[in-house]
Amino acid sequence: MSENERIIVPLDVPDEAAAIALIEALPKVTFWKVGLELFVSSGPVILQALKDRNKRIFLDLKFHDIPNTMAGACRAAGRYGVDLLTVHAAAGSVALKAAQIAATEGAQQAGCAAPRVIAVTLLTSIDGLSLSLELQVPLAVKTYAQQMAQIAQNSGLGGVVCSPQEARLLKDSLTISEPDHFWLVCPGVRPTWATKGDQLRSLTPLQAIQAGADYLVIGRPITQADDPAAAFARICEEISEGMSGEESVG
Ligand code: C5P
């Protein structure tokens, strides 16, 4: 897989017109993320626009509900023919199993490939203090993320969304039999030359991949750059140079 295929760019824009403008400005991006704001604003029309352009789609709606409702939502999402779909691991194993089965059923009904359902371990907006004091969970953030990833894997899901800071721990602690079996998808990635913004515990794209990330979600360093296409190309180059340096050392 080439570097540009490992980078998922979020369409964090308010409406369809702004999304199409961004897609057109970044022709080399092959994998786009549609989140809650854009999906609630535009509806499925944005998914069709991406499919018309042969793009891969990460539908990041982070479902978290009772098993029957999760299954219904995932079945409907499966019919859109998206590639990746998110749920919250905290919904529990019964809901997670139902989610993957229903997403596959939905895709079969529509004659498309089944989406890979991946679970959010813990929102990066929840830190150790809110986890223990507000949510009253007596675990360190990393231990909690590890437990959520384990539930996701035991429930037959295809991966997790996690912080790149946790990628190494998850790669080492989960049984990942084949490379394609269980994906680690990591937001919270910042090149050295980009402002960190609210992503405080970030790694660079190369560091995140070296830590075990399979896919990187990188937004503002690309979308808010003066020249988004140049920023995307620079990130791809930095990963490729770092990886080839590693190979020649190894
Ligand atoms: O602009 P930036 O690179 O921070 O964008 C990261 C994207 O990943 C956003 O769409 C954000 O909602 C999403 N995300 C995140 N942290 C999570 C889950 C998703 O930043 N834990």
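We count ligands from 1, going down the list as the structure has it; atoms in each ligand are counted the same way.
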Under 3.5 Å donor-acceptor, [X] side chain and [Y] backbone:
X      : Y      : value
Asp214 : Leu184 : yes
Arg6   : Ser2   : no
Ser244 : Ser240 : yes
Gln207 : Thr204 : yes

Which ligand 1 atoms, with their elements, are less than 4.0 angstrom from a heavy-atom of [X]?
X      : value
Pro187 : 8 (O), 14 (N), 15 (C), 16 (N), 17 (C), 18 (C), 19 (C), 20 (O)
Asp12  : 9 (C), 10 (O)
Val217 : 7 (C), 8 (O)
Thr124 : 16 (N), 17 (C), 21 (N)
Arg220 : 1 (O), 2 (P), 3 (O), 4 (O)

Could you give the distance from CG (Leu50) to CD1 (Ile20), rounded to the nearest 0.5 Å?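 Answer for the CG-CD1 pair, Leu50 versus Ile20, is 7.0 Å.
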Sub-4.0 Å heavy-atom approach of Arg190 to ligand 1: yes
Gly219 versus ligand 1: do any nitrogen or oxygen atoms come within less than 3.5 Å of each other? yes
Decide if the gap between the ring center of Trp183 and the ring center of Tyr215 is smaller than 6.0 angstrom.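 Yes, the ring centres sit under 6.0 Å apart.
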